[in-house]
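Below is one structure, written out as structure tokens; the observations come after it.
For the numbers below, each heavy atom of this structure counts, side chains included, while hydrogens, waters and symmetry mates do not.
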Amino acid sequence: MTRKYQNSRLPIAWILVADRARARIFESDWPVDDRLQEIDSYVHPESQMRESEVLSDNEGRFAERAAGQHNGEPQTDFRHRTATDFALVVAERLEDGRINNKFGHLVILAPSLFLGVLRSKLGAPLEKLVEAEIAKDYTQLSSRELLPLLQRSPELMASF
């Protein structure tokens, strides 16, 4: 007799609320119920600074045979660079939770800039756990303010 393997996921959801400077992870039952508990919080201080406080004053200078001497220009702007740096930290934390079987569903709420960068840093096994992505900045909301928004969210309701 053969048995069909059934992929069962934990009935626990992690809700990531993040931007390029701050990330908070909440835990709830799945589907999201009346309990939303903050379990982790991260701050990326470099993202909260101005570009002039982090980078040197002048661009680097270098010479090439064909082009002569010119100034170096950054490959990515400051906002994208800090978002990429912080997205790596957040993705590692989410991957650690997945590996240790801490959750079975993932909801991501982030502004579009950070959401796009974070999405590129998630591995395939973690992407399979993503139930919904909401491109909004809710980082300043408390869990009490966030819960009704999640429960009424059309993006999240479609995943149930």
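Residues Ile39 and Trp14 have side chains in contact (heavy-atom distance under 4.5 Å, counting atoms from C-beta outward). Glu38 has its side chain out of reach of Glu27: every pair of non-hydrogen atoms, C-beta onward, lies at least 4.5 Å apart. Inter-residue side-chain proximity for Lys128 and Arg9 is flagged as unmet; no heavy-atom pair is nearer than 4.5 Å. Glu92 has its side chain out of reach of Asp96: every pair of non-hydrogen atoms, C-beta onward, lies at least 4.5 Å apart. Between Glu133 and Leu115 there is a side-chain heavy-atom pair separated by less than 4.5 Å. Using a 4.5 Å heavy-atom cutoff, the side chains of Leu150 and Leu109 are in contact. Contact of the Arg98 side chain with the Pro125 side chain is registered, since non-hydrogen atoms from C-beta on lie closer than 4.5 Å. Asp19 has its side chain within reach of Arg22: a pair of non-hydrogen atoms, C-beta onward, lies under 4.5 Å apart.
Here the closest heavy-atom approach between residue Gln151 and residue Asp34 is recorded as NE2-OD1, 3.1 Å. Residue Val90 comes nearest to Ala23 through the heavy atom pair CG2-CB, 3.8 Å, listed as atom of the first residue, atom of the second, then distance. Across all non-hydrogen atoms, the minimal contact from Gly104 to Leu129 is O-CD2, 3.5 Å. Of all non-hydrogen atoms in Arg93 and Ile25, the two that sit nearest each other are CG-CD1, 3.8 Å. When every heavy atom of Leu126 is checked against every heavy atom of Ala91, the shortest pair comes out as CD2-O, 4.3 Å. Minimum interatomic distance between Ala18 and Phe114 (heavy atoms only, all atoms of both residues): CB-CE2, 3.6 Å.
Between Phe86 and His44, the two ring planes are parallel [angle under 30°; tilted spans 30° to 60°].
Ile134 and Trp30 fall within a single hydrophobic cluster, where Ile, Leu, Val, Met, Phe, Trp and Tyr side chains are chained together by heavy-atom contacts under 4.5 Å. By the rule that hydrophobic residues join a cluster once side-chain heavy atoms approach within less than 4.5 Å of another member, Leu88 and Leu94 end up as members of separate clusters. Side-chain heavy atoms closer than 4.5 Å link hydrophobic residues (I, L, V, M, F, W, Y) into clusters, and following such links, possibly through other members, connects Val17 to Val32. Under the 4.5 Å side-chain heavy-atom criterion for Ile, Leu, Val, Met, Phe, Trp and Tyr, Leu113 and Leu118 are members of distinct hydrophobic clusters. Connection of Phe103 to Leu10 is not established within any shared hydrophobic cluster, with ILVMFWY side chains joined at heavy-atom distances below 4.5 Å, either directly or through further cluster members.
A donor-acceptor distance shorter than 3.5 angstrom exists from the side chain of Thr84 to the backbone of His80, with no hydrogens or angles considered. The backbone N or O of Ser142 lies less than 3.5 Å from a partner atom in the side chain of Glu145, making a donor-acceptor pair.
Remark: Ser143 OG to Arg35 CZ distance equals 11.0 Å, nearest 0.5 Å. Rounded to the nearest 0.5 angstrom, Leu106 CG and Ile15 CD1 are separated by 8.5 Å. Between atom OG of residue Ser41 and atom CZ of residue Phe26 there is a gap of 8.5 Å, rounded to the nearest 0.5 Å.
Salt bridge status for Glu127 with Lys121: absent, with no side-chain N to carboxylate O gap under 4.0 Å. A salt bridge does not link Asp40 to Arg24: none of the charged side-chain nitrogens sits closer than 4.0 Å to a carboxylate oxygen.
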Full working for side chain to side chain contact (heavy atoms under 4.5 Å, CB included) between Ile12 and His105: CA-CA 6 Å; Ile12 298 170; His105 305 271; over 6 Å; no
Worked check of side chain to side chain contact (heavy atoms under 4.5 Å, CB included) between Ile108 and Leu122: CA-CA 12 Å; Ile108 302 173; Leu122 299 179; 4.0 Å; yes
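With 3.5 Å as the limit, one finds a donor-acceptor pair spanning the side chains of Thr82 and Arg20.
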